[in-house]
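Everything quoted here is computed from the prediction, not taken from an experiment.
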Protein chains: 2
Amino acid sequence: MNIELNVSVVDDDPAVRKSICALLDSDGLTPRGFESAQSFLDAFSADDTGCLVVDVQMPGMNGLELQARLAVLGIDLPIIIITGHGDVPMAVQALKAGAFDFIEKPFDDDIFLDSVRRALAQNEMQQAEKTLFAHAVERIALLTPRESEVLEQLVTGRPNKIIAYELGISTRTVETHRARVMEKMQSRSLSHLVRMALAAGIAPQSS
Amino acid sequence: MNIELNVSVVDDDPAVRKSICALLDSDGLTPRGFESAQSFLDAFSADDTGCLVVDVQMPGMNGLELQARLAVLGIDLPIIIITGHGDVPMAVQALKAGAFDFIEKPFDDDIFLDSVRRALAQNEMQQAEKTLFAHAVERIALLTPRESEVLEQLVTGRPNKIIAYELGISTRTVETHRARVMEKMQSRSLSHLVRMALAAGIAPQSS
DNA sequence: TACGCTCTGGGTATTATTACCCATACTGTC
DNA sequence: GACAGTATGGGTAATAATACCCAGAGCGTA
């Protein structure tokens, strides 16, 4: 299946939870219900995809706290916050903290489903970027300190001769490091290397 | 002055406008008051910096409409929306549309000033990116169609020989185009060129 | 028509990069 | 002590890129 359809619904009210899941199910999505933020976190695996629908008012960890928790964990699942008793500051806080949407109950089914669809679409794009650039990060992790230095110089655009001078070694050794960097990064070209480095957050120094 | 301090205050109520301007002024900022969205737009120049504080309820163009108008114009000044009679959907709409903050009146002075400071800081970062990569876009505009094709191939990481084959011309001509691309882009190295191209949104084809 | 721009191509020479081979020395860990 | 990994080098050769020079064909515009 090409499009991600997982929607996790976190709401302590069984009736509401089942109602939302039924709505999602009727729209062809695959909802999973959780009675608490903790039970969601317990069942959650780091590479899960889809989106999250979470009520604010819950015993234990509430919706906004769950949002903050996921942010700390570096999990960027789109989160749709729903609430029966929200106010403007709460909505502002949630959205500024990166929530995908903030919807008051009772809500219009179509508006809700539309938001979920958009959230899933956003997650798909996120996943694409993630898989594309996760490689960059994990490959960079394989580099030795010296190789990392050479990589930095490379993305800055310096030729081997200058790199050798900067690092105080011979061009010969730079060539060795350079070759190993290309090998470890599985990069066939300098431009590919530059893109991977940029994706991984390696900024040029003074180019 | 290093830090941008311009804050445009758009509110139809003279008393409120002056009050906010006085508050900003007392904090060392340089506020400019406008009685309507239109008068702000009239006085606005495309390269103005700083941030914008705008009331929602105004005769003529309201705050959210002004926000949409600026978005259409491609102006990304951080906007702080203030309102005396806001609701959750309005706040959600404004923030999802890119508003920097949404504050209900009456507000706490410190919270407001803090938000303004953050908005100014964000604008500074935006400006830095803008000046950094606006060059890329305007320089790419100087390229001839053929040169643009060569640029695409270059950022994809293809050597001249392959580019020549792809475009059905000699490596000689590719070298000519390549040199002219580097010259027009004012790029000293391939990595610099790749970064500029990426900044301008030129994606590699199949690398 | 003349000018400028674009696209095309060649010659020559220098420099940079890459692909192979090789080695030594120092650090750890098993 | 053996072994793996890292950092440091060398030799040789082929390939790629760069920096200069040059020129003609085509296409618009002043």
- Task: Please name all residues satisfying ring-ring contact (aromatic ring centres under 6.0 Å, His included) with B:Phe133, sequence neighbours left out, ordered by chain then number.
- Result: none
- Note on the structure: Winner on side-chain proximity to A:Ile169, out of C:dT8, D:dG10, D:dT8, is D:dT8
- Task: Name the residue closer to the 5' end of DNA chain D, choosing between A:Thr171 and A:Lys184 according to the nucleotide with the nearest heavy atom.
- Result: A:Lys184
- Query: Tell me, which pairs form a salt bridge (Lys or Arg N to Asp or Glu O under 4.0 Å) where one or both residues lie in residues 35-48 of chain A, sequence neighbours left out?
  - Reply: A:Arg32-A:Asp48
- Query: Would you say the side-chain atoms of B:Thr176 and B:Thr173 include a donor-acceptor pair closer than 3.5 Å?
  - Reply: no
- Task: Can you tell me the distance, in whole Å, between the CZ atom of A:Arg180 and the P atom of D:dG9?
- Result: 15 Å
- Counting primed atoms, P, OP1 and OP2 as sugar-phosphate and everything else as base, the B/S/- map of nucleotides 13-30 of chain C against protein heavy atoms under 4.0 Å is ---SSBB-----------
- Item | Test side-chain hydrogen bond (donor to acceptor under 3.5 Å, both in side chains) applied to B:Asp101 - qualifying residues, sequence neighbours left out | A:Lys96, B:Ser115
- Item | side-chain N/O A:Thr144 vs D:dA7 OP1/OP2, d < 4.0 Å | yes
- For A:Asn62, which residues count as a side-chain hydrogen bond (donor to acceptor under 3.5 Å, both in side chains) partner, sequence neighbours excluded? none
- Task: Kindly state each residue pair satisfying ring pair (Phe, Tyr, Trp, His ring centres under 6.0 Å) with at least one member in residues 25-63 of chain A, sequence neighbours excluded.
- Result: A:Phe34-A:Phe40, A:Phe40-A:Phe44
- Query: Which nucleotide in the list D:dG9, C:dG10, D:dA7 gets nearest to the side chain of A:Ser170?
  - Reply: D:dG9
